[in-house]
2 protein chains.
Amino acid sequence: MNSLTEENYLKALFNLSQENGEVSVNELSKHLQIKMPTVTSMMKKLSDKKLVNYESYKPLKLTEKGRREAGLVIRKHRLTEMFLVDKMGFGWEQVHEIAEQIEHIHSPEFFEKMDELLGYPKFDPHGSPIPDKTGKVEWIHYSKLSDCKAGDAVKLSAVTHSSDEFLKFLNTRELKLGTKIRIKSIEAFDGSMTISYGKHLSEHVSCLVCERLLVEKE
Amino acid sequence: MNSLTEENYLKALFNLSQENGEVSVNELSKHLQIKMPTVTSMMKKLSDKKLVNYESYKPLKLTEKGRREAGLVIRKHRLTEMFLVDKMGFGWEQVHEIAEQIEHIHSPEFFEKMDELLGYPKFDPHGSPIPDKTGKVEWIHYSKLSDCKAGDAVKLSAVTHSSDEFLKFLNTRELKLGTKIRIKSIEAFDGSMTISYGKHLSEHVSCLVCERLLVEKE
DNA sequence: TTAAATAATTAGATAAGACTAACAAATATA
DNA sequence: TATATTTGTTAGTCTTATCTAATTATTTAA
C-alpha cells in the first residue's frame, strides 16, 4: 500500500513522463513544489519498492508496476471529476481540487460504484482518457491548436490544464469540448490566433491558450 | 486548520462525551487504539489550540470551539453516509468505512452540494442527527430497546453502532429504521428479548443487540 | 578545454505523530 | 489505612516527509 505522499509522486511522474517517458529530478521537484533533496530521497524509496527505476544522475522512469499504480490513482481522479460534473452538477473548472483529494480514498467499491453510475466513461470532463481497472490508459494523440494552420477546421477534444482560472476563461468564451473551431488567421510574431466557432465569428486567443487546447482535425 | 489526526481525536472526544461531557485519557486511548502517552501529548496540543480543556489527571472536555469543530467533521461524515446510501445505492452497512475517509475532505462546496442534492437531511442512515453548518447538533433522546419493558410497542429510530457485521445482522433479520417492534418477553437472567415486528412474529435478540437499538415509544 | 552555471546528492535538522519504559498519581481493595 | 491496581505523565526513540547547507556531477558557454 502506498502512502498519500507516494501516490502523489507516482501521479506526477506519470503525468510528466507522458512525452518521452523520462523525467528529471528538477522537473519533478518544480512540479510538486518540493525541494530536490526530498525528491531524491523519495525516488530511492520508490526504487526500493520497484515503482521507479532510479540511478544517480540519470533521468527518472516509472517501472511497469509504477506506471500501473500511478494509472490507478489517475483513474480515481478522473472518475471522480466525471462524477462531480455529471452526477453532482459541478462545473468542469471546480472539480480538479476536489478530485485531488478524493483520488486518495481507499475503497474499490466506491470507485466501482461511480464507474457504474456513470456508465463506464472513457474520458473525464477535460477530455483526458480514464485508465482502465488495471491502470492502463489508451493514449490518444490529439494535436495542439497551436500546431494547426490557418484555414484548418478542428474539433476541441481536450484541454491540457485544469486550473480554475483557465477553465473559467474558456467558459466566458463559451469554448467547450466538442466545439467546432475554424482557424481564420495566425499572428506570425506571437502565435496568437483568430478563430471562429458557434456564435463567435471572430475571437482572438493567445498562443498560451492555443497550446493548452487539444483538437482533432475534421 | 486541523490535521486529519487532530480531526479524529476531536471526533472521538465528541462521540465519547455524548453521555456526561467528560472523557478519560484511558477511554479515548482505547477507542482510538492509540497508546495513552500519545493521547496525553495530543491533548496538550489540542489544549494549546483551545479545542480541549486539559489539566493533568483531570477528565478531558471539549471547549465550545472544539465541540463546534468536531461537529463539523461529524456533519461531513453523516452527510456522506446519507449520500452514499441515497444517491449511490450503498447499503447502510457499507458506508461507515468510506465516510470515515471522506469526512476529511476539505471542500465546503462539495458537502454543500451533497446537502442540497439530499434535500437538507436531518438524520443519517443510522438515525444519527446531522449537525448543522455551525457544527451544532440537535440531541435527541431515544431510549435503548434494552431499557424497555415487556409489552412495550416502539419504533426503531436509530442504532448506536455502525459496524458492518452488526448492520448485516440487522439486515438478515429485516430490522430497519422505522420498523415497529413489540416486546413479547424479556429473559430476566441475560436481558435478551423476544420481539415481534412485520412478518417476524417471534424473534429472539440478545442483550447486546437490544443495547444498540434506539427506539421511540409509540 | 577550461570555467561557469545548473542539476543532483549527501549530511544533518525539524515537525508530526506514533511507540516503549519508567515513574507518579489516583483509585480500589484488603 | 496501607497496599495493590489502574490510570496518567515524562522522557526518550522511531518513522515519514519535509527542509537547508554543503558538496559533487554534469552540462553549457567562453
J.: Say you draw a straight line from CG of B/Leu214 to OG of B/Ser143; how long is it, rounded to the nearest 0.5 Å?
T.: 8.5 Å

J.: Please name all residues satisfying salt bridge (charged side-chain N to carboxylate O under 4.0 Å, His left out) with A/Lys87, sequence neighbours left out, ordered by chain then number.
T.: none

J.: Separation of B/Leu28 atom CG from D/dG8 atom P, in whole Å?
T.: 10 Å

J.: Are B/Asn15 and B/His31 linked by a side-chain donor-acceptor pair shorter than 3.5 Å?
T.: no

J.: Taking only residues two or more places apart in sequence or in another chain, which ones pass salt bridge (charged side-chain N to carboxylate O under 4.0 Å, His left out) with B/Asp132?
T.: none

J.: Rounded to whole Å, how long is the line connecting atom CG of A/Asn26 with atom P of D/dT28?
T.: 13 Å

J.: Nearest whole Å is fine: how far is C/dA5 C1' from A/Met36 CE?
T.: 13 Å

J.: Over how many whole Å does the gap from A/His31 atom NE2 to C/dA7 atom P extend?
T.: 17 Å

J.: Apply salt bridge (charged side-chain N to carboxylate O under 4.0 Å, His left out) to A/Lys50 and list each qualifying residue two or more places apart in sequence or on a separate chain.
T.: none

J.: Is there side-chain contact between A/Met43 and A/Tyr9, with at least one heavy-atom pair below 4.5 Å?
T.: yes

J.: What class does the angle between the rings of A/Trp92 and A/His126 fall in, given that below 30° is parallel, 30 to 60° is tilted and above 60° is perpendicular?
T.: parallel

J.: So does B/Tyr54 get a side-chain nitrogen or oxygen closer than 4.0 Å to the phosphate oxygens (OP1/OP2) of D/dG8?
T.: no

J.: Could you tell me whether the side chains of A/Glu7 and A/His104 share a donor-acceptor contact shorter than 3.5 Å?
T.: yes

J.: Just to be sure I understand the rule, does B/Thr5 reach a base, reach only the sugar-phosphate, or reach nothing, if contact means heavy atoms closer than 4.0 Å?
T.: sugar-phosphate

J.: Starting at NZ of A/Lys35 and ending at P of D/dT20, how long is that distance when rounded to a whole Å?
T.: 5 Å

J.: In residues 40-47 of chain A, what residues come within less than 4.0 Å of DNA chain C, judged by heavy atoms?
T.: A/Thr40, A/Lys44

J.: Counting side-chain heavy atoms from CB outward, which of C/dG17, D/dA17, C/dC19 is closest to B/Glu6?
T.: C/dG17

J.: Are there any protein N/O atoms within less than 3.5 Å of an N/O atom in nucleotides 22-27 of chain C, and if so, which ones and at what distance?
T.:
{"unit_1": "C/dA25", "atom_1": "O4'", "unit_2": "B/Tyr57", "atom_2": "OH", "d": "3.4"}

J.: Hey, is the side chain of A/Ser3 poking within less than 4.0 Å of OP1 or OP2 on D/dT16, counting only N and O atoms?
T.: no

J.: Among D/dT18, D/dT7, C/dT9, which is the nearest nucleotide to the side chain of A/Thr38?
T.: D/dT18

J.: For B/His96, enumerate each residue passing the ring pair (Phe, Tyr, Trp, His ring centres under 6.0 Å) test, keeping only those at least two apart in sequence or located in another chain.
T.: B/His77

J.: In whole Å, I'd like the distance from the OH atom of B/Tyr9 to the C1' atom of C/dG17.
T.: 7 Å

J.: For A/Gln33 and D/dC19, what is the distance between atoms CD and C1' respectively, to the nearest whole Å?
T.: 15 Å

J.: Taking atom C1' of D/dA17 as reference, at what distance in whole Å does atom CG of A/Leu32 sit?
T.: 13 Å

